[in-house]
Each structure stands twice: as C-alpha cells, then as structure tokens.
Amino acid sequence: MVCMVANLTIGKKKYEEYEEQAKSIAAKGYELIDQLKDLTARDMAAFDAFVAAWRMPSETDAEKAAKAEANEKAAQNATTVPMEICKVCLEIMKLAKELAPFGNLSAISDCGVASLIAEGAMKACMLSVDINLPGLKTAEFADAMTKERARLFAEAEDLKIYALADVKARMSGH
C-alpha cells in the first residue's frame, strides 16, 4: 500500500517537490517486501528446526544434553526470526508515516491502511515470539526479546497515531 501511494505521487506535477522523497519511499518499500519474503522462508525453516529438535532422542544423558541444547538453539531462532519480521513491519509503518503528509491525496487513505495492516501483521507475528518466551532457558535472551517486544509495540503505536492523524487531516481538507 505504501509503494502504491508513493508510485501514485511520483511524476505528478502537484507533488513534484516530493518526487525524490516518494521515490525513496517506494524503493525502501520494495526492499522491505523482499525482506519479508526471505524472512517468511526463514521462519518456516526455523519452525522445522524447532520440531526436529523436539524429536531428537533422549534416552541417554548425552542425548538428553544434546536435545536440550538443540531445543534452546531452535527456540531462540524460532523467536529471533519472527522478531525480525516484526521489525520490518515497523519499518513499513515508518514509511507510511513519512508518506502520509504529502502522498497523493486521491490514495492517501491507503497510507492509513498500510499503517494499520503493518501494525496488525506485527502483532500477529509477535504471537510467534510470545509462544516461545516462556520456554526459553537463557534468561538474558528472553529478557532482551521481552524488552524489544515492548519497544516495538510502543513505537508502532506512536507511528500509527501520527500516520493516521495526517491521513485523516488530509482527507478532511485540513
């Protein structure tokens, strides 16, 4: 949605003072789409590794130790990858906020849509982080993920508020 609004802004005389900014936003948006594609594949692989670790044998003490280590490593990876997806969603929200004050007025509502969808996607993906947090054995890692979760949610809320304020103001002619 951000790329669409940026592309509808590019090349329009009414928005020519924002041409380079709109081009930059569109380019960043396409980069983020590519990152999300890669991260989605990595997330599926992380889940597969997580399942494989749980299926490891645990008859002997050595097997139990190897399984515990593999489980922790897999759980950390299955937490880190969705957290990275959440960070990309936040970057999309930043682009929506940046574009909202000047994007093509005929499609400006889509900046608001982009912000809301990106926030929703971030919250949905964070569920994959949340399910892993209680089972993590490395307290420092779990604490860092919990703090990052809170930071992302707080920043997302601010970005959404500002983007929607600009979108609504422009839609109402103010």
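Because only heavy atoms are used, hydrogens play no part in the values below, and waters and symmetry mates are left out as well, while side chains stay in. In this text, all values refer to a predicted model and were calculated from it rather than measured experimentally.
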Practice task
Could you name each residue pair satisfying ring pair (Phe, Tyr, Trp, His ring centres under 6.0 Å) that touches residues 55-77, not counting sequence neighbours?
Solution key: none

Please table the atom pairs, donor to acceptor, closer than 3.5 Å between any side-chain atom in residues 90-97 and protein atoms at least two apart or in another chain.
| residue | atom | partner | partner atom | Å |
| --- | --- | --- | --- | --- |
| E91 | OE2 | K94 | NZ | 2.9 |

Enumerate, atom names and distances included, each donor-acceptor pair closer than 3.5 Å involving a side-chain atom of residues 41-58, sequence neighbours excluded.
| residue | atom | partner | partner atom | Å |
| --- | --- | --- | --- | --- |
| R42 | NH1 | E84 | OE1 | 3.1 |
| R42 | NH2 | E84 | OE1 | 3.4 |
| R42 | NH2 | E84 | OE2 | 3.3 |

Practice task
Provide the full list of ring pair (Phe, Tyr, Trp, His ring centres under 6.0 Å) pairs with a residue in residues 98-132, sequence neighbours left out, each pair given once.
Solution key: Y18-F102

Fill in the blank from the handout: Contacts of E20 meeting salt bridge (charged side-chain N to carboxylate O under 4.0 Å, His left out) (sequence neighbours excluded), chain-then-number -> K23

Practice task
Scan residues 22-41 for pairs that pass ring pair (Phe, Tyr, Trp, His ring centres under 6.0 Å), counting only residues two or more places apart or in two chains.
Solution key: none

Problem - Non-neighbouring partners of V129 that pass side-chain contact (heavy atoms from CB on, under 4.5 Å), sequence neighbours left out - result: T79, P82, M83, M126, L133

Practice task
Under the salt bridge (charged side-chain N to carboxylate O under 4.0 Å, His left out) rule, collect the residues that match up with E148, sequence neighbours excluded.
Solution key: K87, R151

Exercise for the section: Report yes or no: does N132 contribute a side-chain atom to a donor-acceptor pair with the main-chain N or O of A78 at less than 3.5 Å? Expected result: yes

Handout entry: I25/K28 under side-chain contact (heavy atoms from CB on, under 4.5 Å): CA gap, chis, key distance, verdict
Key = CA-CA 5 Å; I25 290 170; K28 288 176 190 172; 5.7 Å; no

Practice task
Can you sort out the partners of E157 under side chain to side chain donor-acceptor pair (under 3.5 Å), two or more places apart, ordered by chain and number?
Solution key: K160

Handout entry: Polar side-chain atom of S115 near backbone of C111 as donor-acceptor pair, under 3.5 Å
Key = no

Exercise for the section: Check whether L164 and V113 end up in the same hydrophobic cluster, where Ile, Leu, Val, Met, Phe, Trp and Tyr are linked by side-chain heavy atoms less than 4.5 Å apart. Expected result: no

Completion exercise
In short, ring pair (Phe, Tyr, Trp, His ring centres under 6.0 Å) pairs touching residues 117-173 with sequence neighbours left out are none

Practice task
State whether the side chain of N104 and the backbone N or O of L8 hold a donor-acceptor pair below 3.5 Å, judged by distance alone.
Solution key: yes

Exercise for the section: Find the distance between NZ (K12) and CG (L105) and round it off to the nearest 0.5 Å. Expected result: 13.0 Å

Handout entry: Qualifying salt bridge (Lys or Arg N to Asp or Glu O under 4.0 Å) pairs with a residue from residues 65-75, counting only residues at least two apart or across chains
Key = none

Handout entry: Pairwise salt bridge (Lys or Arg N to Asp or Glu O under 4.0 Å) hits with a residue in residues 123-138, at least two apart
Key = E119-K123, D130-R149

